[in-house]
S.K.: 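Handing you a structure now.
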Amino acid sequence: MESTKVFEMEEDLNGLHEECGVFGIYDFDGGDVASSVYYGLLALQHRGQESCGIAVGDTDGPRKVTTHKGMGLVNEVFTPEILEEMHGDIAVGHTRYSTAGSSTRENAQPLVLNYIKGTLAVAHNGNLINAPQLRHELEYSGAIFQTTIDSEVIAYHIARERVNAKSAEEAVARAMDKIQGAYSLVVMSPRKLIGARDPYGFRPLCIGKRDNTYILASETCALHTIGAEFVRDVEPGEIVSISPKTGIVSDKSRCLPKEKEARCVFEYIYFARPDSHIDGISVYSSRIRAGKYLAMDSPVEADLVVGVPESGNAAALGYSLQSGIPYGTAFVKNSYIGRTFIKPKQSNRESSVQVKLNVLKEAVNGKRVIMIDDSIVRGTTSDRIVKMLRDAGATEVHMRVSSPPFLYPCYFGTDVPAREQLIAYNRSVEEIRQIIGADSLAYLELDRLKDMVDGLPCCSGCFTGKYPLDPPKEDIRGDYER
Ligand code: SF4
């Protein structure tokens, strides 16, 4: 019998979550790679904090694949003892936040499958929009699924296609002809490391190199963490296959014309780490630019510009540089709280926001403050932060948001929720200002998004409702466990 729930878990206060981080590595000199995957995943922790895993293979020995997965942060799931037991020169790793499929250990990745040619391990970032149909088709042909995630549909397709394909990369290519939506994949076959990015390029994927070791990673910050150099991005629609025999072999036959590419613009605004570069654009610089545009388009007289940590900080600096208003720190964030924590009860004096953020009274007391955040999703956090600044003595609080208002959900690997849960749905900016209690409120203008990423073609579906691919009829964003 279930015990009475005394404590409820509180979700992260940002209201929006990253999707997943993927990492792959192949040491052509045969050295053990598990510890490098561990450090790579630590650098990608911001992309997923529910579960993680590593699968290590040995291309030269008995071809045994050792896998370890678990719920929690990378440094909770892996101990030195566990890593020391994971021998092999090729590996894939994953950090997960669930945007489709529930948060359970079974759904942790990488997925490891035994198939006709050996063992296959797959790590996926993104959401397929046709996963339910493909899953039904596979189930009707006798497939038995171990998980409820769309990534298993991809793994199954690759394994099936491998029966008739000449190579593992050809099997990946054939699977790509069936799957639709957002995916950045890292696949470990018995002798090759394969990376693939969907033709729209929703999610990032890059290639790095350290001596004779090749790396695939969601973000460049993971390359730098393990001392690797950035080689290049995997292009939207590209498949790269990496092995000592061939080096890096590229298949670009599924790439779309550049203007049809549709990277998730929210990677630049919020998801990615500021020290990463995606498709040649610095995430940090794009946030500085967003702040500058806010200062140009929505100026206001004030004494101090502050950012809501972490992703609001660079935009706040940009606003300050453009406006000449001093930049300062107003918030101290408790960095030791994970993605979820025990929610304070209504009767408690603690508030969820205060558990995570504290205001520096000395910095804001008696000042007119401009506060920059990356987004307003439901609005429940913004009103509390505005109040905290006022309670600390700010005489005025002007909120600027470094993205346009969220008006539509996302189907491509983030958890922008259904329209009715979005504060901007059916409300004017003035109505939102009143709800959050700010003295003024302004968002980034929609037409600034493109300049923010230097003209790179991006998806902005959650702001415009115009998606690069038709959204699915069935809601794929929840758990389609049946
Ligand atoms: S709909 Fe929004 S969050 Fe989703 S991929 Fe497009 S830009 Fe990113």
Side-chain angles (χ1 to χ4, degrees), residues 12 14-22 46-48 97-100 124-131 150 179-185 197-205 218-219 233 236-237 256 259-273 276 278-279 281 283 286-287 289-290 311 315 373-378 401-425 443-473 475-478:
D12 188 5
N14 284 327
L16 263 196
H17 302 112
E18 305 85 349
E19 335 75 14
C20 295
V22 294
H46 60 288
R47 299 185 68 86
Y97 169 71
S98 53
T99 48
H124 166 220
N125 170 205
N127 255 182
L128 300 187
I129 56 169
N130 64 341
D150 55 357
I179 59 180
Q180 287 173 7
Y183 53 89
S184 280
L185 297 175
R197 205 169 160 196
D198 70 73
Y200 297 92
F202 283 103
R203 303 291 149 213
L205 189 64
S218 291
E219 289 184 38
D233 291 286
L256 296 171
E259 65 277 11
K260 290 210 158 172
E261 292 173 357
R263 296 153 189 87
C264 171
V265 77
F266 224 71
E267 291 280 352
Y268 296 92
I269 295 168
Y270 168 63
F271 293 133
R273 246 173 60 164
S276 287
I278 303 174
D279 292 334
I281 303 290
V283 172
S286 65
R287 289 179 190 167
R289 276 197 287 274
S311 44
D373 205 350
D374 55 75
S375 56
I376 307 180
V377 185
R378 296 172 177 86
V401 185
S402 59
S403 64
F406 276 125
L407 297 171
Y408 300 89
C410 173
Y411 302 94
F412 305 103
T414 76
D415 67 347
V416 179
R419 293 193 82 183
E420 31 317 324
Q421 291 174 42
L422 296 167
I423 192 170
Y425 172 59
Y443 288 85
L444 187 75
E445 302 284 341
L446 195 57
D447 57 10
R448 291 294 198 182
L449 278 180
K450 198 153 189 182
D451 300 334
M452 194 190 91
V453 290
D454 233 357
L456 215 58
C458 281
C459 170
S460 55
C462 48
F463 310 121
T464 60
K466 291 187 193 125
Y467 301 100
L469 278 162
D470 284 341
K473 293 181 184 62
D475 192 352
I476 54 155
R477 291 171 303 114

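As the structure lists them, so they are numbered: ligands from 1, and atoms in each ligand from 1. Sequence positions, counted from 1, serve as the residue numbers for this chain. No experiment lies behind these values; they were computed from the predicted model shown.
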S.K.: Counting non-hydrogen protein atoms only, what is the nearest one to atom 7 (S) of ligand 1? Give residue, atom name and distance.
M.R.: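 Ranking protein heavy atoms by distance from atom 7 (S) of ligand 1, first comes Cys459 O, 3.1 Å.
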
S.K.: So do the side chains of Ser402 and Asp374 get within less than 4.5 Å of each other, counting heavy atoms only?
M.R.: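 SC-SC contact between Ser402 and Asp374 confirmed.
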
S.K.: Between CG of Leu469 and CZ of Phe202, what distance do you get to the nearest 0.5 Å?
M.R.: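 So the CG of Leu469 and the CZ of Phe202 are separated by 5.0 Å.
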
S.K.: Under 6.0 Å between ring centres, would you say that holds for Phe406 and Phe463?
M.R.: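 Yes: the rings meet the under 6.0 Å criterion.
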
S.K.: Non-hydrogen atoms of Arg203 versus ligand 1: any pair closer than 4.0 Å?
M.R.: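 Flag set, Arg203 near ligand 1.
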
S.K.: Tell me the contacting part of Arg263 for ligand 1: side chain, backbone, both, or neither, using a 4.0 Å heavy-atom threshold, strictly below.
M.R.: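 For Arg263, there is no contact with ligand 1 at all, from either part.
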
S.K.: For Arg197 and Asp279: C-alpha separation, side-chain torsions, deciding distance, then whether salt bridge (Lys or Arg N to Asp or Glu O under 4.0 Å) applies.
M.R.: CA-CA 12 Å; Arg197 205 169 160 196; Asp279 292 334; 2.8 Å; yes

S.K.: Among all protein heavy atoms in this structure, tell me which lies nearest to atom 3 (S) of ligand 1, with the distance rounded to 0.1 Å.
M.R.: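 Of the protein heavy atoms, Thr414 OG1, 3.4 Å lies nearest.
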
S.K.: Which word best sums up how the rings of Tyr411 and Tyr467 line up, parallel for under 30°, tilted for 30 to 60°, or perpendicular for over 60°?
M.R.: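 Ring orientation, 0 to 90° scale: perpendicular.
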
S.K.: Short check: any N/O/S atom of Cys462 below 2.8 Å from atom 2 (Fe) of ligand 1?
M.R.: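 Yes, Cys462 qualifies, because one of its backbone or side-chain N, O or S atoms lies under 2.8 Å.
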
S.K.: Above 12 or not: heavy atoms from other molecules or residues under 6.0 Å from CG of Asp447?
M.R.: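 Buried by this count: over 12 neighbours within 6.0 Å.
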
S.K.: Do me a favour and list the nearest non-hydrogen protein atom to atom 8 (Fe) of ligand 1 with residue, atom name and distance?
M.R.: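 Scanning the protein heavy atoms, the shortest distance from atom 8 (Fe) of ligand 1 goes to Cys264 SG, 2.3 Å.
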
S.K.: Measure the distance from atom 4 (Fe) of ligand 1 to every protein heavy atom, then report the residue, atom name and distance (to 0.1 Å) of the closest one.
M.R.: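 Here the nearest protein heavy atom works out to Cys410 SG, 2.3 Å.
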
